[in-house]
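Throughout, protein chains are lettered first and strands after them, A, B, ... in sequence-line order, and every chain is numbered starting at 1. Keep in mind it's a predicted model, so treat the numbers as computed, not measured.
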Amino acid sequence: MAAGFGAASRFVLGQEGRITVVKAPNDRPVIAIPDLRGNGAAQQHMAKFNEALWTDVESSGVLKMAPKSMYPMQVPQQPSDLRTPSSPTENLKGLALNDWYQPPASAGYLAYGYTAVTGDQIVLSGWLSATNQPSAAPLLAKRYFGPNTEEGARKVAQEFAADIMGQFGGKSLMGTKIYFVSDRTGKKEIWSMNYDGSEQKPITSYNNISSFPALSQDGTKIAFTTWREGTPQIYIHSLETGRKLVFYNQRASMNASAEFTPDGQGLLFSSTAGGGSAQIYRTDLNGGNVRRISTNRAIEVEPRVNPKTGQDIVFVSGRLGSPQLFKMSMDGTDVVQLTPGDGEAVNPSWHPDGQKIAFAWTKGFDIGNFNIFIMDVASKQYVQLTHGAGRNENPSWAPDGMHIVFSAKRGRTTQIYSMLADGTNVKQLTSAGNNEKPVWSKTALK
Amino acid sequence: MKRQFVNVALTAACALALFGTACHKKTVAAAPLPPPPPPVEQPKPAEKPVISSFTAEPSTVVKGSPSTLRWAISGASDVSIDQGIGSVQASGSRQVYPSNDTTYTLIARGVGGTSSMTVSVRVTAPEAPPVTQPTVTSRRSASEFLSQEVQDAFFDYDSFSIRDDARGVLTNDASALKRFFSDDNYTGTAIVIEGHCDERGSDAYNVALGDKRAQAALEFLKGLGVAENRLKTVSFGKERQSCSEQTEACWQQNRRVHFAAQ
């Protein structure tokens with residue numbers, strides 16, 4: 001039984017400093033989604049359509065999928081196919097909503113419909129009904145249009161899925177992008193892809209080492225670290241024009257691991273500008289108005305600002321010896337240790353609610369064998385999501401607050417995976433070369 | 001010799017004759033050669049010793065190897081060799097072990113006077129590795145110099161302190177870098193100290209750790225008097241691994257500072 005990290009982030013603070021995730025209740029709505037069929041030329045893309053529809057609804061985490069093997073023999077394609085049984089016990093083999101409500105399907109909801117081709121468009125007619133209210137109007141009745149291609153079929157499926165999830169408080173990730181680092185061309189470059197792994201495209205072509213991407217909250221700018229000029233320096237690109245923006249790096253042997261402030265006006269990063277170990281700095285977006293935030297002799301990297309308050313910075317510091325997570329205010333005061341000190345704790349990423357972080361930790365494993373954890377920052381209580389399946393690093397929250405994308409080396413190569421924030425529904429999104437350091441855009445870019 | 005001269009003269013005569021009549025070797029007879037002069041009767045010398053030979057074989061030795069002196073003298077009443085050898089028989093041999101280039105003088109005394117002869121033995125140093133010969137150094141490219149003379153220094157996990165073994169390595173590197181910087185062939189070439197980490201720590205932390213390793217090596221070299229203005233540093237974190245296996249030996253190989261020419 002999957003543990004649920006529900007839409008309302010229902011986790012209870014348990015004993016022994018751990019978050020006890022509430023068991024997914026059977027109250028999670030159950031939905032049946034039989035395969036939809038296409039009329040004539042629309043049928044050719046229906047395999048992709050049905051896969052996308054199922055995957056998106058399933059990975060939303062807000063619904064439980066009734067298994068297809070339990071479905072009745074007949075499937076309604078539109079409301080006019082539905083019959084009303086003459087008695088409560090009459091079985092119409094699927095043509096009555098009650099047939100889907102009863103065991104073995106036991107689904108509270110049924111999504112159904114069909115596709116057809118009009119000109120060069122694929123048209124989806126989709127409905128969602130509550131199976132125990134046969135006389136009520138469908139919860140959802142809508143037409144969706146897209147080009148009659150595989151891409152178009154996937155698009156209308158994802159839009160239908162988004163509307164279904166919306167009925168249950170789920171947010172669709174459709175239109176969100178994941179930025180990441182890939183070496184598939186032989187050199188590390190910044191790449192982008194859709195939230196489901198489709199349309200993987202290069203953002204940079206510097207033919208050097210370009211890594212550590214960070215995204216502005218509005219999704220219009222990307223900052224990263226590149227060795228193009230010899231030493232690690234920060235570059236910022238506009239994602240609207242594709243051009244490099246002006247950013248003056250500090251005179252330092254290292255300027256790296258950048259992060260935008262939530263208001264989009266500033267950049268935090270780690271720099272050796274003051275001599276000694278790398279420390280946390282803030283500048284304006286062009287590199288001006290520099291301010292040193294941390295003043296420590298130890299290495300301090302990966303500053304990440306609370307997206308809700310714009311105040312607290314979670315960062316990684318070596319001040320206790322091994323790298324651990326700490327929190328401080330924007331002026332470097334009120335330093336709080338978050339992780340207890342065992343193993344190495346790195347790669348913090350704020351949940352959109354500004355209360356939790358995901359991070360990577362070697363707790364209980366050998367050096368280098370990271371797993372993904374979530375911590376409630378106020379209580380410092382945590383829960384482990386991955387369990388020793390290779391190296392798991394660099395988690396980043398999806399804007400729905402329910403999904404996490406991360407990179408993992410589970411074979412010979414490092415690849416990018418997404419999962420629900422309870423560790424279930426793990427999906428591999430990349431396969432070419434090595435792919436790492438994913439960041440999920442917080443808004444959909446049109 | 002004379003015969004040759006005659007031929008040259010003959011040819012020259014022919015060449016001159018070309019301007020007048022044809023040159024006919026057969027018909028134009030050369031002037032007959034003058035007879036050789038009669039041997040001059042030297043007055044018999046007094047009974048001065050004759051040194052018929054004095055040799056050193058071989059005449060060049062590697063330091064520590066012997067050379068054999070041989071001599072043959074007639075008409076001497078007393079024969080001696082210097083360099084601490086002293087009186088010797090009129091003919092004989094002696095092994096010597098010179099430590100530097102040495103000239104041996106043989107003196108033969110007789111009734112009629114004294115004769116002497118010298119022989120030299122050249123001594124070479126034992127063969128040294130070619131890298132220490134400056135003549136070879138100057139012909140290498142900067143990166144050849146670095147790969148042959150400057151070694152990587154290694155670090156403990158999550159540490160940038162210079163270990164004892166790294167102190168030894170960096171001390172040797174310092175003297176090699178001083179030679180590099182004083183060599184006219186490398187004028188204008190800077191040395192980049194690269195800091196590297198093994199693959200286990202996190203990426204971002206390792207960039208900062210590699211920076212500390214490179215800075216630590218820089219400080220150590222500065223302390224030994226290496227010219228700071230030609231040293232630069234860069235951290236590659238774990239972006240450039242020299243070894244990719246999952247073993248401690250391999251991880252150790254990656255936790256290093258490496259030197260590159262720029």
* **Side chain, backbone, both or neither of Thr233(B) within contact of chain A (heavy atoms, under 4.5 Å)** => both
* To do: Kindly indicate whether a cation-pi arrangement holds for Arg304(A) with Phe359(A), taking the cut-offs as under 6.0 Å to the six-membered ring centre and within 45° of the axis.
  => no
* To do: Return the orientation label for the Trp227(A) and Phe212(A) ring planes: parallel under 30°, perpendicular over 60°, tilted otherwise.
  => tilted
* Asked: Where on Asp203(B) is there a heavy atom nearer than 4.5 Å to chain A: the side chain, the backbone, both, or neither?
  -> both
* Asked: At a heavy-atom separation under 4.5 Å, does Ile367(A) approach chain B through its side chain, its backbone, both, or neither?
  -> both
* Ring-ring centroid check Tyr179(A) Phe224(A), cutoff 6.0 Å -> no
* Does any heavy atom of chain A fall under 4.5 Å from the side chain of Tyr157(B), the backbone, both, or neither of them? -> side chain
* **Face-on cation placement of Arg228(A) at Tyr235(A) ring, 6.0 Å and 45° thresholds** => no
* Can you say whether Asn394(A) sits under 4.5 Å from chain B via the side chain, the backbone, both, or neither, judging by heavy atoms? -> side chain
* Side-chain (Ser396(A)) to main-chain (Val439(A)) donor-acceptor, under 3.5 angstrom -> no
* Asked: Looking at Arg391(A), Glu393(A), Glu344(A), which one has more heavy-atom pairs under 4.5 Å with chain B than the rest?
  -> Arg391(A)
* Structure fact -> Applying a strict 4.5 Å limit to non-hydrogen atoms, the region of Glu219(B) in contact with chain A is neither
* Could you tell me whether Arg319(A) and Glu300(A) have a side-chain N and a carboxylate O separated by less than 4.0 Å? => yes
* Below 4.5 Å from any heavy atom of chain B, which atoms of Ser253(A) appear? Answer side chain, backbone, both or neither. => both
* What is the ring orientation for Tyr382(A) with Phe373(A), classed by angle as parallel under 30°, tilted 30 to 60°, or perpendicular over 60°? -> perpendicular
* Structure fact -> Of the listed Ala278(A), Ala360(A), Ser277(A), the one with the largest count of heavy-atom pairs under 4.5 Å with chain B is Ser277(A)
